[in-house]
Structure formats: structure tokens, C-alpha cells
Amino acid sequence: MDTSSKENIQLFCKSSVQPVRRPSFKTEYSSSKEKQQCCGELKVFLGALSFVYFAKALAEGYLKSTITQIERRFDIPSSLVGVIDGSFEIGNLLVITFVSYFGSKLHRPKIIGIGCLIMGVGTLLIAMPQFFMQRYRYEKYSPFSNSTLSLSPCLLESDSQLPQSIIEKSQSKRNDECEMDASSSMWVYVFLGNLLRGIGETPIQPLGIAYLDDFASEDNSAFYIGCVQTVAIIGPIFGFLLGSLCAKLYVDIGFVNLDHVTITPKDPQWVGAWWLGYLIAGIVSLLAAVPFWCLPKSLPRLRSREDSNSSSEKSKFIMDDHTDYQTPLGEKSKIMEMARGLINIPAVALGIFSGGIIMKKFRISVYGAAKLYLGSSVLGYLLFLSLFALGCENSDVAGLTVSYQGTKPVSYHERALFSDCNSRCKCSETKWEPVCGENGITYASACLAGCQTSIRSGKTLIFYNCTCVEIAASKSGNSSGMVGRCQKDNGCPKMFLYFLVISVITSYTLSLGGIPGYMLLLRCIKPQLKSFALGIYTLAIRVLGIPAPMYFGILIDTSCLKWGFKRCGSRGSCRLYDSNAFRHIYLGLTVMLGTVSIFLSIAVLFTLKKNCVSKHRSFRTKTEGTVVSARMRKENCTTSDHLLQPNYWPGKETQL
């Protein structure tokens with residue numbers, strides 16, 4: 001064979017075993033400098049995204065804490081409050097598909113910044129009704145609130161006992177208030193503001209998480225996302241604390257003289273400064289938009305330590321095809337009071353952070369993440385079932401939960417609030433002005449308690465000679481009462497401690513699978529479809545979440561024992577719930593939804609297992625084929641070299 005053929009064969013053999021050249025010092029230096037710059041900008045984005053998650057969680061937590069205040073201020077039922085709460089999902093649903101698909105092709109940080117601006121404007125809009133509505137009016141026991149006269153609540157309910165001038169004046173005032181009752185439709189502004197919040201929040205999750213996962217190494221991706229989710233959990237803590245603070249301030253603070261306010265936060269008619277926190281949360285959301293205008297459209301990609309030796313794990317779960325998906329870089333108070341609503345949040349934050357640490361520390365695979373997610377869901381589900389055994393008895397309310405003689409049970413009907421002890425008073429059954437009797441029983445009003453006299457001392461109003469209190473009184477025979485519901489020690493504080501312990505453990509267990517479930521989603525989709533897939537994921541959550549507050553509210557309304565009524569006679573918000581029925585409805589509906597979720601998680605696990613087994617077999621077959629092919633090439637190379645080279649040729653010693 002000629003010399004050229006022999007040299008080609010030798011060249012082929014040498015190229016298959018020659019070592020890879022080390023990169024030059026200049027290349028290593030530039031690569032290290034680029035990596036440091038990328039890490040710095042990525043951490044800035046991580047901090048900015050964490051603050052945005054905090055801002056939106058702050059507003060969301062504050063909204064949840066002011067639901068009852070909004071319900072009282074606008075005098076609307078729970079079902080309508082559910083519609084207002086669901087408007088956030090509606091706004092998110094309107095633009096999620098468009099933003100998640102086209103947003104990934106644009107400047108993602110700036111799109112997130114625009115969303116923060118819209119979210120801030122919507123949060124500020126929620127507070128606007130306070131500046132346009134009439135001042136809050138609450139029912140008073142007597143039109144003579146500034147008088148020192150001792151009047152009978154029983155007689156005041158009967159117009160025949162009052163002078164004609166007072167009757168006409170009261171009727172004229174009632175008609176004026178009925179005309180002003182149209183201001184209660186201002187809840188529409190709250191609806192629209194929450195709708196804008198949903199629109200503004202849309203790009204934060206799909207674009208922000210995808211941007212973070214695109215430019216972070218696979219080793220750090222789960223940890224970074226866990227940090228973001230953990231910071232997001234801190235937001236509701238401040239939201240609930242802010243809500244608790246604002247609830248203790250009178251609704252019209254700064255607009256009226258507080259010395260003339262005759263009710264306290266313990267009064268059932270009290271409405272706090274619900275609007276104040278929305279101004280604070282709106283400003284925070286506007287500030288969160290600033291850093292995103294300074295961040296680049298894309299960053300250099302960081303690769304993990306194992307990327308040079310093995311393929312990415314996500315390729316095992318993405319269906320192979322013959323298309324090249326590489327995209328150009330330019331296209332990507334008291335302890336108990338403070339614990340109520342707040343105690344679960346640190347547990348959730350710790351659970352989410354622990355999930356991210358576990359994913360990073362043990363390098364859990366996609367299939368392992370699915371098993372961890374399912375395991376935490378099942379264990380949390382079992383713990384949640386134990387909450388059915390924890391509950392508090394209903395407060396003793398005459399005519400609603402107990403009879404006027406103090407016996408249980410009582411059959412509720414339209415005339416249940418009336419008894420022989422208050423039959424001569426001609427009371428209104430629509431009023432809810434609770435009075436606590438000395439016998440420990442709460443009465444719907446002083447009139448229904450049969451009280452004959454009342455004395456006001458500052459903001460304290462005491463009723464005497466209450467005939468209904470007397471028939472159910474203890475041996476002391478005291479028949480007086482005070483404004484407000486009775487706080488009876490029925491073992492509820494102790495039961496609340498048990499509830500807190502189980503709730504904290506359940507919250508931690510369920511949140512432990514949060515990051516594994518999220519990484520499961522990110523690792524099972526193609527890189528160029530990541531933002532769009534996260535958008536579809538969010539879309540599905542919003543679609544399923546929109547009706548949730550509505551049907552929860554409708555079902556909760558069925559447990560109402562006493563409805564309030566507006567001045568014009570239409571039904572208002574609920575004043576008293578049946579706590580047992582409330583607990584069974586809320587927990588039962590949650591368990592039903594959790595059961596469906598677990599079955600779907602099991603289906604996902606089996607699908608991944610089947611896909612993982614098939615991919616493993618395919619990978620093993622390809623590996624064996626590659627090894628056999630390489631061995632055959634080596635043998636052929638050795639044989640050809642042996643056959644083609646003679647024992648001696650000119651220049652052999654020189655070449656050796």
C-alpha cells in the first residue's frame with residue numbers, strides 16, 4: 001500500500017488516543033472573569049426577585065387579614081368576598097398565556113419590572129374607596145348618646161313609647177342613610193384593584209424562575225429557587241402583622257375625632273383601618289420594580305462540575321428528537337393573638353428551605369424528587385385529618401345556640417330569638433347588638449335580653465333589670481349585662497394549642513415537598529419552552545383557583561346562624577357562625593381536594609418511573625453499542641497497522 005494510505009491510518013489511530021490540550025492562561029483568565037461577572041449579576045437578580053416575591057406576598061397576606069374588615073365595611077356576604085378574593089386569579093388568567101410565551105423572547109427583567117408597577121398601582125387602587133365613601137356609621141343603642149338620661153332599651157324598640165318628633169326624625173335619618181347605602185357598591189374598586197394585582201403578578205413566576213434556572217448551574221438552581229420561595233414566605237408574616245396593627249386603628253382615623261367614637265375593637269361593629277396597609281404594600285411593590293430596569297437581558301451560562309462528563313439529567317425525561325434546540329444567548333400583640341395565622345409561616349419557610357437544601361446536598365434525581373414530593377403530601381394529608389378531632393363549642397347565644405333558659409340544644413327557627421321574657425318589648429329580630437349577661441349567656445340585643453334600664457359611663461354602657469338574664473341567672477340572681485359577647489372559658493384555648501402544634505408539623509411536612517415538586521416541573525420540559533410551560537402551570541393553578549374562594553364562601557355561608565341586615569333591609573354580612581358546621585365544611589372540602597391531588601401525584605410518579613426505565617434501557621443499549629464500536633475500531637486499527645507496515649522500510653530508524 002502507498003505511503004499516503006499508511007499515514008492516514010496512523011493519523012486515525014493517533015487521533016483516537018491523543019490527550020486533550022489544556023487551555024491557555026489567557027483563556028482561563030477571561031473565562032474566570034466572565035464567570036465572576038455572571039455570578040454577581042445573577043445574585044443581584046436573585047435578591048431583586050426575592051424582594052418582589054416578598055412584596056407580592058406582603059400584599060396577599062394583608063388582603064387575607066383584612067377580609068373580615070372589608071366584609072363589615074361594605075356590608076357584603078362571604079360569597080361576594082370570595083369573588084373579590086378570586087379577582088386576583090382572574091387578572092392573572094387574562095394575560096398568563098401571552099406573557100409566558102412572548103415574555104421569554106423579550107427582555108425578561110424589564111417585563112417583570114413593568115409587572116411590579118402594575119401590581120403597585122392595583123394595590124393602591126384597593127385603598128381608594130376610603131377617600132370617596134361616606135364616613136363609617138355604626139348602630140348605637142340610643143339616639144341620646146350624649147345624654148345623661150337613663151332610658152329603657154326595651155321601650156326604645158317600640159316607636160309607640162317615643163315622642164312623635166323623635167319618631168319622625170329617626171325615620172328621616174333612616175331614609176337618608178338608605179340613600180347613602182349605595183356607597184357600599186364601592187367594593188367594585190377593591191375588585192378592580194385586586195384584578196390589576198393579578199395582572200401585574202403574572203410575569204414574576206414564569207419569567208423570573210425560568211431566568212434564574214437558565215443562568216444558574218444545576219447544582220445551585222434548586223437552592224436558589226428555595227431561597228426565593230423562603231423569602232416569599234416571610235411576606236405574609238409582615239402582612240398579617242400589618243393587618244393586626246391596622247385592625248386596632250379605627251377605620252376613619254385621620255378623618256374624624258376619635259374622642260367621639262363610642263365603640264372599641266372588641267365590639268362586633270368595629271371596623272379597623274383596612275385601607276392603610278394597602279398604601280404601604282403598594283409603595284413597596286413600586287420600589288420592587290426599580291432593580292429590574294438595571295439588569296441585562298441575558299447572562300453567560302454557568303455549567304455544573306458534572307456537565308463536562310455527563311449529560312444533563314433533564315435530558316433523560318425529555319423526549320428526544322432530531323432538532324437542535326440551542327438558542328442564541330441574546331434570546332432568554334399577645335403571644336396567642338400574634339400566633340393566630342402567623343405560626344404556620346415560619347414552618348412553611350423552613351420546610352421550603354429544607355427541601356432546597358436536600359435537593360442540593362444529596363443531588364436527588366427527578367424520580368427521587370417525585371417520590372419526596374408524594375411522600376410529604378401523603379404524610380401531611382394524614383396529619384391534616386387529625387384536625388377533625390379538634391374544635392371549640394359554640395358560644396352560648398340565647399335563641400341561637402341555647403334556649404333562654406340556658407339549656408341545649410335549641411331548634412333554630414324564625415321566632416327563636418323571641419321568648420316570654422321579651423315579648424312585651426317588641427324587639428327587632430334583624431339587629432345584632434350583642435349583650436353579655438351576668439349569667440354568661442350572650443343576647444342578640446339589649447332589647448331581646450329584656451333590659452329595662454341602661455346607664456352610660458364614658459364608652460361603657462351597662463344594662464340593668466334584664467328579665468331574660470334573670471330567668472337563666474345563677475343563685476346570685478343578678479340581672480345586668482354589658483355591651484359585647486361573653487368570653488367563656490370552654491376549653492378552647494387549650495384546644496388551640498393542640499391545633500397549633502399539629503398545624504405547624506403539617507405545614508412543615510407539606511412544604512418540604514415544594515421545591516422537589518417545582519424542580520420536577522423544570523427538569524421535565526425543554527429549555528426553550530421553560531417560561532411557556534411555567535406560564536401554563538400557573539394558568540392551570542389560576543383556572544382551578546378562581547372558583548375556590550367562591551364555593552368556599554358559599555358553603556361557609558350555610559353555617560351562618562345570624563345574618564346582619566343593611567339599613568334598607570337587604571341582607572348583609574354574617575354575625576354568628578355555627579363553629580362545628582364551619583369546621584366540618586372547611587376541613588371536609590380541603591380533604592376532598594387533597595385526596596384528588598394525591599391520586600394525581602401517584603399517576604405522575606408512575607409515569608416518571610415508566611419513562612425512567614425506558615430511557616435507562618435505551619441509554620444502556622447505546623452505551624454498549626458505543627463500547628463495541630470503539631473496540632472494533634481499535635482492533636481494526638491495530639490489524640491494519642500490523643498488516644500494512646513491513647518489518648523494515650527506509651527511514652525506520654530515523655522515524656523511531
Side-chain angles (χ1 to χ4, degrees), residues 60-61 63-65 67-68 71 77-83 85-86 89 233 236 240 336-337 339-348 351 373-395 397 400-401 408-409 412 490-514 517 541 544-563 573-602:
E60 185 67 21
L63 176 65
K64 301 299 183 184
S65 67
I67 284 294
T68 55
E71 184 177 357
S78 298
S79 56
L80 188 53
V81 172
V83 173
D85 192 16
E89 280 73 23
I233 296 300
F240 286 121
M336 284 299 177
E337 183 178 357
R340 195 181 309 167
L342 295 180
I343 193 66
N344 287 336
I345 297 178
V348 173
Y373 175 78
L374 179 61
S376 65
S377 299
V378 172
L379 183 57
Y381 177 84
L382 296 177
L383 291 171
F384 189 81
L385 291 177
S386 62
L387 295 179
F388 278 98
L390 304 178
C392 299
E393 294 295 328
N394 290 314
S395 301
V397 181
L400 296 177
T401 60
K408 298 180 181 180
Y412 180 74
N490 54 359
C492 200
K494 185 177 181 180
M495 197 68 67
F496 181 62
L497 289 177
Y498 296 150
F499 169 80
L500 287 182
V501 173
I502 297 177
S503 182
V504 166
I505 298 175
T506 303
S507 299
Y508 176 80
T509 304
L510 289 174
S511 59
L512 191 63
I541 292 179
L544 297 175
I546 286 176
M550 302 177 192
Y551 59 70
F552 265 95
I554 292 173
L555 292 177
I556 287 174
D557 281 343
T558 61
S559 64
C560 183
L561 294 177
K562 179 70 174 93
W563 286 98
S573 58
C574 183
R575 306 303 189 190
L576 180 67
Y577 288 99
D578 183 349
S579 60
N580 292 323
F582 192 111
R583 182 176 75 255
H584 291 131
I585 289 174
Y586 179 79
L587 296 180
L589 190 55
T590 304
V591 166
M592 290 175 57
L593 297 175
T595 304
V596 175
S597 175
I598 288 178
F599 278 110
L600 293 176
S601 300
I602 294 175

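Computation of the quantities below employed the complete heavy-atom set of this structure, encompassing side-chain atoms and omitting hydrogens, waters and symmetry-equivalent molecules. Sequence positions, counted from 1, serve as the residue numbers for this chain.
In this structure the side chain of Ile505 reaches within 4.5 angstrom of the side chain of Val501, judged on heavy atoms. Using a 4.5 Å cut-off on side-chain heavy atoms (C-beta onward), Leu600 and Ser597 make no contact. Counting heavy atoms from C-beta on, the side chains of Asn580 and Glu393 come closer than 4.5 Å. Residues Thr590 and Phe552 meet the side-chain proximity criterion, which asks for heavy atoms closer than 4.5 Å. Under the 4.5 Å side-chain criterion, counting only non-hydrogen atoms from C-beta, Asp557 is in contact with Tyr577. At a threshold of 4.5 Å between non-hydrogen side-chain atoms, the residues Tyr373 and Ser377 count as touching. Contact check for Tyr508 versus Leu512: side-chain heavy atoms found under the 4.5 Å cut-off.
Distance CE/Met592 to CG/Leu587: 13.0 Å, rounded to 0.5 Å. In this structure, Asn394 CG and Leu400 CG are separated by 10.0 Å, a value rounded to the nearest 0.5 Å. With rounding to the nearest 0.5 Å, the separation of CD1 in Ile541 from CD in Glu89 is 10.0 Å. From Leu555, atom CG reaches atom CG of Leu589 across 6.0 Å, with rounding to the nearest 0.5 Å. In this structure, CG in Leu383 is found 10.5 Å from OG in Ser503, a value given to the nearest 0.5 Å. The CD1 atom of Ile556 sits 11.5 Å away from the OH atom of Tyr551 when rounded to the nearest 0.5 Å.
The two atoms that bring Ser511 and Ala347 nearest to each other are OG-O, 3.8 Å, heavy atoms only. Closest approach of Thr506 and Gly380 over heavy atoms only: CG2-O, 3.5 Å. Closest approach of Arg575 to Cys560, counting heavy atoms only: N-SG, 4.5 Å. Here the closest non-hydrogen pair linking Thr68 and Ser65 is OG1-O, 4.4 Å. Closest approach of Thr558 and Ile585 over heavy atoms only: OG1-CD1, 3.5 Å. Of all the heavy atoms in Ser395 and Thr401, the pair that sits closest is O-OG1, 2.6 Å.
One N or O on the side chain of Ser579 and one on the backbone of Cys392 form a donor-acceptor pair closer than 3.5 Å. Using a distance-only test at 3.5 Å, with no hydrogens or angles considered, no donor-acceptor pair links the side chain of Arg583 to the main chain of Leu387. Judged by distance alone, the side chain of Ser507 and the main-chain N or O of Val348 form no donor-acceptor pair under 3.5 Å.
Taking the six-membered ring where the residue is Trp, His584 and Phe388 present parallel rings, their angle staying beneath 30° rather than reaching 60°.
In Tyr586, the OH atom is not crowded: 12 or fewer heavy atoms of neighbouring residues, nucleotides or ligands sit closer than 6.0 Å. For OH of Tyr498, the number of neighbouring non-hydrogen atoms (other residues, nucleotides, ligands) closer than 6.0 Å is 12 at most.
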Please report the C-alpha distance between Glu71 and Leu80 in whole Å, then the side-chain angles of each, then the deciding distance to 0.1 Å, and finally whether the side-chain contact (heavy atoms from CB on, under 4.5 Å) criterion is met.
CA-CA 9 Å; Glu71 184 177 357; Leu80 188 53; over 6 Å; no

